[in-house]
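Scroll down for the structure; my scribbles are underneath it.
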Amino acid sequence: MTLGQRIRQARIDRGLTQKQLVGDHITRNMLSKIENDSATPSVRTLEYIASRLSLPAGYFMAGASYSDGTSPDGLDEMRAAYRSGDYTGCIRLLEQNKHAATSDEGYLLHARAALAAARQELAAGSTAAAKEHADMADYYNRQSMYYSAEIDAEMSLILAECALELDISEFEENAKEYERAVSGISFTDRYSLARAEYLLKTGETELAGQLLERISPDEGLQARHLYLMGEYLSAAGRRQAAIEKYTAAEQTGDALLLPRIYRRLEDCYREQDDYKMAYIYASKQLR
């Protein structure tokens with residue numbers, strides 16, 4: 001059997017579902033990929049699965065193809081230091097090996113290690129050291145092709161907190177950088193729209209309307225927001241107001257939403273006995 005088949009068989013033999021086996025280590029979907037041999041598990045994942053199945057740690061590893069986290073890029077020692085929580089040691093090793101450190105992966109690891117070190121220094125009350133590491137995190141984060149808005153945001157927040165102790169004149173600039181970075185990673189509006197759609201589908205119309213009224217989405221989410229406002233108004237019996245929202249959503253040209261918008265506009269016009277407009281939107285669906 002393949003590695004994935006052996007894992008699946010061992011799980012079934014013990015009467016476990018995929019969700020029961022994965023716990024909080026990996027997702028059920030990832031386990032499904034592993035069992036179908038479309039994803040290669042790491043050593044840590046194999047050890048975790050074996051322990052959950054009450055099997056020896058090496059049960060699945062003999063003769064199997066898996067990743068042990070090493071690679072020929074020269075960063076293995078740095079990775080080991082990072083995993084163990086020795087962030088300053090990781091930084092020191094990176095500084096000693098310029099060849100590995102100047103790869104994109106090296107830059108990213110340097111940025112993450114520096115941010116973690118800054119976090120530790122700030123918690124220990126070493127504000128100046130925290131600022132030094134945060135500045136380092138900023139530099140290496142921008143060097144890597146794997147730029148992370150999350151690193152950018154926390155680094156800016158740490159610098160703002162450092163400014164309160166070291167140079168308060170820098171606070172506003174760091175605060176603005178934090179707000180800019182957060183705007184790049186915030187999924188609040190997407191979540192709110194998903195929650196509103198859920199409420200509409202479960203009949204909680206008023207709650208959905210209240211939530212939709214509070215959302216001011218950016219351009220990329222405007223079509224969905226307008227469409228859901230139409231759904232809310234339609235469910236509340238306000239057909240003409242719903243038509244206005246659906247029409248506005250149509251004008252955004254969102255290709256994924258257009259079929260749903262056409263169908264809802266046809267329904268609304270039909271309910272208002274405007275069969276000419278209903279026919280127009282029925283025809284748009286056919287096209």
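Note that the structure is predicted; figures quoted are calculated from it, not measured. In this chain, residues are counted from 1 in sequence order.
- Note on Arg142 versus Asp138: salt bridge recorded, some NZ/NE/NH1/NH2 to OD/OE distance being below 4.0 Å.
- More than 12 heavy atoms of other residues, nucleotides or ligands lie within 6.0 Å of CZ in Arg11, so this atom counts as buried by the packing criterion.
- In this model, a donor atom of one side chain and an acceptor atom of the other lie less than 3.5 Å apart for Tyr275 and Asp273.
- A 4.5 Å side-chain heavy-atom check between Ile26 and Ile34 finds at least one atom pair inside the cut-off.
- Minimum interatomic distance between Ile91 and Met136 (heavy atoms only, all atoms of both residues): CG2-SD, 3.9 Å.
- With Asp267 as the partner, the salt bridge (Lys or Arg N to Asp or Glu O under 4.0 Å) test is satisfied by one option alone out of Arg270, Arg263, Arg264: Arg264.
- Residues Tyr227 and Leu200 are members of one and the same hydrophobic cluster, defined by side-chain heavy-atom contacts under 4.5 angstrom among Ile, Leu, Val, Met, Phe, Trp and Tyr.
- For the atom pair Met145 CE and Leu108 CG, the distance stands at 10.5 Å (nearest 0.5 Å).
- Counted within 6.0 Å of CE on Met30, heavy atoms from surrounding residues, nucleotides or ligands total 12 or fewer; the atom is thus considered open.
- Residues Thr127 and Leu164 are not in side-chain contact: their nearest non-hydrogen atoms beyond the backbone lie 4.5 Å or more apart.
- Across all non-hydrogen atoms, the minimal contact from Ala134 to Ala118 is N-CB, 3.7 Å.
- Follow the hydrophobic side-chain contacts under 4.5 Å out from Tyr269 and you never reach Tyr279; the two are in separate clusters.
- Nearest heavy-atom pair across Ala113 and Cys90 is CB-SG, 3.9 Å.
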Steps toward side-chain contact (heavy atoms from CB on, under 4.5 Å) verdict (Met78, Asn97)
CA-CA 10 Å; Met78 297 75 157; Asn97 189 335; 3.6 Å; yes
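- Summarising the local packing, CD of Glu173 is surrounded by 12 or fewer heavy atoms from other residues, nucleotides or ligands at distances under 6.0 Å.
- Counting all heavy atoms, side chain and backbone alike, Tyr232 lies closest to Leu212 at CB-CD1, 4.0 Å.
- When all heavy atoms of Gly230 and Ala242 are compared, the closest pair comes out as O-CB, 3.5 Å.
- Here Glu177 pairs with Arg180 in a salt bridge; the nearest charged N to carboxylate O distance falls below 4.0 Å.
- Using modelled atom types, no side-chain atom of Asn141 and backbone atom of Ala111 make a donor-acceptor pair closer than 3.5 Å.
- With Tyr198 contributing its side chain and Ala208 its backbone, the two residues share no donor-acceptor pair below 3.5 Å.
- Once rounded to the nearest 0.5 Å, the distance linking CD of Glu154 with CZ of Arg119 reads 4.0 Å.
- Tested against Lys131, the residues Asp167, Leu159, Asn174, Ile158 include a single side chain to side chain contact (heavy atoms under 4.5 Å, CB included) partner, Leu159.
- How far CD1 of Ile261 is from CG of Leu256: 10.5 Å, rounded to the nearest 0.5 Å.
- In this structure the side chain of His133 reaches within 4.5 angstrom of the side chain of Thr88, judged on heavy atoms.
- Val182 has its side chain out of reach of Leu157: every pair of non-hydrogen atoms, C-beta onward, lies at least 4.5 Å apart.
- Atom CZ of residue Arg260 and atom CG of residue Leu265 lie 13.0 Å apart, to the nearest 0.5 angstrom.
- In this structure, Leu258 is not a member of the same hydrophobic cluster as Leu226, with clusters built from ILVMFWY side-chain heavy atoms closer than 4.5 Å.
- For the residue pair Tyr146 / Glu105, a side-chain donor-acceptor distance below 3.5 Å is found, with atom types taken as modelled.
- Under a cut-off of 6.0 angstrom, the local environment of OH in Tyr107 is crowded, with over 12 non-hydrogen atoms contributed by other residues, nucleotides or ligands.
- Contact of the Val22 side chain with the Thr27 side chain is not registered, since no non-hydrogen atoms from C-beta on lie closer than 4.5 Å.
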Using the rule given for side-chain contact (heavy atoms from CB on, under 4.5 Å), can you reason through Thr17 versus Arg28, listing the C-alpha separation, both sets of side-chain angles and the distance that settles it, and then say yes or no?
CA-CA 9 Å; Thr17 65; Arg28 187 205 63 78; over 6 Å; no
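- Between Leu53 and Leu16, the closest side-chain pair of non-hydrogen atoms falls below 4.5 Å.
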task: Check step by step if salt bridge (Lys or Arg N to Asp or Glu O under 4.0 Å) holds for Glu172 and Lys176.
output: CA-CA 6 Å; Glu172 284 296 344; Lys176 288 178 181 177; 5.7 Å; no
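- Between the CG atom of Leu286 and the NZ atom of Lys284 there is a distance of 12.5 Å, given to the nearest 0.5 Å.
- Counted within 6.0 Å of CD on Glu150, heavy atoms from surrounding residues, nucleotides or ligands total 12 or fewer; the atom is thus considered open.
- Between atom CD of residue Glu250 and atom CD1 of residue Ile243 there is a gap of 11.5 Å, rounded to the nearest 0.5 Å.
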Practice problem: For side-chain contact (heavy atoms from CB on, under 4.5 Å), just list the numbers for Leu94 and Leu75, CA-CA rounded to whole Å, side-chain angles, deciding distance to a tenth of an Å, and then say yes or no. | Solution: CA-CA 8 Å; Leu94 285 163; Leu75 291 169; 3.7 Å; yes
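- Side-chain atoms of His110 and Ser144, non-hydrogen and from C-beta on, never get closer than 4.5 Å to each other.
- Leu115 and Tyr139 are not part of a single hydrophobic cluster, where members link through side-chain heavy atoms under 4.5 Å apart.
- Using the six-membered ring where Trp is involved, Tyr262 and Tyr281 have ring planes that are tilted, between 30° and 60° apart.
- In the hydrophobic clustering of this structure, Ile151 does not group with Tyr87; members are Ile, Leu, Val, Met, Phe, Trp, Tyr whose side-chain heavy atoms approach within less than 4.5 Å, directly or through other members.
- Pairing each heavy atom of Cys162 with each of Leu122, the nearest pair is SG-CD1, 4.1 Å.
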Evaluation steps, side-chain contact (heavy atoms from CB on, under 4.5 Å), between Glu35 and Gln18
CA-CA 10 Å; Glu35 289 188 347; Gln18 290 181 330; 2.9 Å; yes
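- Counting only N and O atoms by type, the side chains of Glu231 and Tyr246 include a donor and acceptor under 3.5 Å apart.
- In this structure the side chain of Thr252 never reaches within 4.5 angstrom of the side chain of Leu257, judged on heavy atoms.
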* Just do the side-chain hydrogen bond (donor to acceptor under 3.5 Å, both in side chains) check on Arg214 and Ser192 with the steps written out, would you? => CA-CA 9 Å; Arg214 295 198 298 268; Ser192 296; over 6 Å; no
